[in-house]
Amino acid sequence: MTTPAHIVRHSLHETLVAPLRDMILQGELRPGEKVPEEQLCAHFGVSRTPIREALKVLAAEGVLQILPHRGAIVARITEEQVEELFPIMASLEALAGTLACRNATDAQIAKVRALHDQMMAYYQAGDEPAYLKQNRLIHDATFELAGNATLASFYHQVLTRIHACRFVMRKSPAHWRQAVEEHERMIAALEARDGHALSKLLEEHVTGTTVGIAREFIARAHAADAARTTAGASKNAAGALTARRAVGRPRKV
């Protein structure tokens with residue numbers, strides 16, 4: 001009689017971790033936003049307990065932050081992460097570009113061209129959310145063309161560490177135009193199978209334009225936080241003044 005195979009049983013919250021993580025990485029839950037627990041319960045057809053346990057796992061990964069009396073919010077990228085992780089991402093993309101030019105078939109390159117053309121159509125239409133999703137498809141496709149599973153795994157690990165902010169960050173018009181021009185040069189290098197040129201373009205795209213967009217994103221978030229703090233202080237001061245005036249009024253007899 002053979003030894004029975006060991007069956008791995010997953011708890012409900014473990015099953016929820018992956019789809020919740022995907023919602024964050026796809027930009028459905030955006031950095032700085034509160035996680036809508038009630039909506040997620042309805043979406044997955046579960047109670048709050050497994051949702052909250054799954055959120056704790058994602059918080060341990062650094063994808064979420066759990067704040068007292070506020071619940072979970074999607075973590076925002078920090079300046080330290082930009083300094084630490086974006087150079088790594090740039091190196092991974094540079095290598096992927098070299099390998100893609102060497103290993104991709106003509107049919108695969110044609111599919112990336114189609115993705116690129118669709119992204120340009122979104123740009124012309126001013127549809128930034130659709131553009132951002134298409135942008136991620138193109139960068140993911142470069143790693144598929146590279147044909148190196150370990151390289152792709154490292155890339156997705158780094159992407160998770162920065163909560164995929166790269167593909168949900170809104171751009172200024174100047175940064176958006178710059179990113180589009182760089183993508184035009186990248187697709188041309190891929191079609192020419194110029195691995196050296198594509199590698200260099202990808203590295204400069206990440207360390208230059210993408211880092212600039214990230215820092216702009218961080219600055220906007222800090223400004224919004226400061227504005228909320230100021231508004232809250234003003235509201236509290238107004239409330240205190242009203243209370244003092246009420247105390248000082250003579251009572252009617």
Side-chain angles (χ1 to χ4, degrees), residues 25 27 30-32 75-102 104 109 112-113 115-120 122-124 126-146 148 151-152 154-223:
L25 298 185
R30 299 180 62 81
R76 294 191 305 213
I77 193 168
T78 65
E79 182 66 36
E80 290 75 20
Q81 288 174 316
V82 172
E83 291 287 342
E84 178 184 347
L85 297 174
F86 276 67
I88 297 173
M89 178 174 287
S91 297
L92 295 174
E93 292 220 15
L95 178 54
T98 299
L99 295 177
C101 288
R102 182 190 306 166
I109 291 176
V112 177
R113 161 56 78 175
L115 291 174
H116 172 85
D117 290 345
Q118 182 61 64
M119 186 179 72
M120 291 300 106
Y122 290 139
Y123 171 69
Q124 294 297 333
D127 188 345
E128 190 174 13
Y131 172 94
L132 290 168
K133 289 182 180 180
Q134 197 75 2
N135 187 15
R136 178 170 181 180
L137 291 177
I138 291 171
H139 284 276
D140 286 351
T142 304
F143 282 87
E144 291 177 16
L145 269 56
N148 187 313
L151 179 64
F154 285 155
Y155 168 71
H156 284 102
Q157 286 178 40
V158 174
L159 201 58
T160 300
R161 287 280 304 279
I162 62 171
H163 330 307
C165 283
R166 177 179 178 185
F167 298 112
V168 299
M169 295 183 295
R170 299 295 171 84
K171 304 170 176 61
S172 67
H175 271 139
W176 197 1
R177 184 169 57 253
Q178 184 179 355
V180 164
E181 291 170 355
E182 290 171 359
H183 268 277
E184 291 279 16
R185 293 196 291 273
M186 284 188 274
I187 191 66
L190 177 61
E191 290 177 325
R193 293 185 181 275
D194 188 339
H196 176 74
L198 181 56
S199 175
K200 189 170 184 294
L201 285 166
L202 283 164
E203 185 171 15
E204 291 175 349
H205 180 67
V206 176
T207 58
T209 304
T210 307
V211 166
I213 292 168
R215 287 182 170 144
E216 186 178 69
F217 183 84
I218 292 169
R220 283 201 304 268
H222 286 168

So which heavy atom on Ala189 is nearest to which on Ala197, and how close? CB-CB, 4.3 Å
Find the distance between CD (Glu80) and CD (Glu83) and round it off to the nearest 0.5 Å. 8.5 Å
Does a side chain donor of either Gln134 or His116 reach within less than 3.5 Å of an acceptor in the other side chain? no
For the side chain of Thr207 and the backbone of Glu203, is there at least one donor-acceptor N/O pair under 3.5 Å apart? yes
CG of Leu99 to OG1 of Thr142, rounded to nearest 0.5 Å, is 11.0 Å
Please name the pair of heavy atoms, one in Ala104 and one in Ile109, separated by the smallest distance, quoted to 0.1 Å. CB-CG1, 3.8 Å
Heavy-atom pair of closest approach, residues Ala146 and Ala96: CB-O, 3.7 Å
Validation row: Arg215, Glu79 side chains within 4.5 angstrom (heavy atoms): yes
Looking only at non-hydrogen atoms, find the nearest pair between Asn148 and Leu151 and report the distance. OD1-N, 2.9 Å
Inter-residue atom distance Leu137.CG - Gln118.CD, 0.5 Å rounding: 10.5 Å
Interatomic spacing from CE in Met186 to CG in Leu198 - rounded to 0.5 Å: 7.5 Å
Just how far is it from atom CD1 of Ile138 to atom CZ of Arg113, taken to the nearest 0.5 Å? 10.0 Å
Just how far is it from atom OG1 of Thr98 to atom NZ of Lys200, taken to the nearest 0.5 Å? 12.5 Å
Check the angle between the aromatic planes of His139 and His183 and answer parallel, tilted or perpendicular using the 30° and 60° thresholds. perpendicular
Check whether any side-chain heavy atom of His156 sits under 4.5 Å from a side-chain heavy atom of Asp140, and report yes or no. yes
With side chains defined as the heavy atoms from C-beta onward, is the minimum distance between Phe154 and Leu95 less than 4.5 Å? no
With the side chain counted from C-beta on, respond yes when His175 and Phe217 share a heavy-atom pair under 4.5 Å apart, and no when they do not. no
Steps toward side-chain contact (heavy atoms from CB on, under 4.5 Å) verdict (Leu132, Lys171): CA-CA 10 Å; Leu132 290 168; Lys171 304 170 176 61; 3.0 Å; yes
Should Leu159 and Arg136 count as side-chain neighbours, where that means a heavy-atom distance under 4.5 Å? yes
State, yes or no, whether a side-chain contact exists between Val180 and Tyr131 at a heavy-atom distance under 4.5 Å. yes
Side-chain donor/acceptor of Ser199 to backbone N/O of Gly97, under 3.5 Å: no
According to the interplanar angle, ranging from 0 to 90°, do the rings of Tyr155 and Phe143 count as parallel (below 30°), tilted (30 to 60°) or perpendicular (above 60°)? parallel
Heavy-atom pair with the smallest gap, counting every atom of Val112 and Leu190: CG1-CD2, 3.9 Å
For residues Thr78 and Ile218, report the shortest heavy-atom separation together with the two atoms involved. C-CD1, 3.6 Å
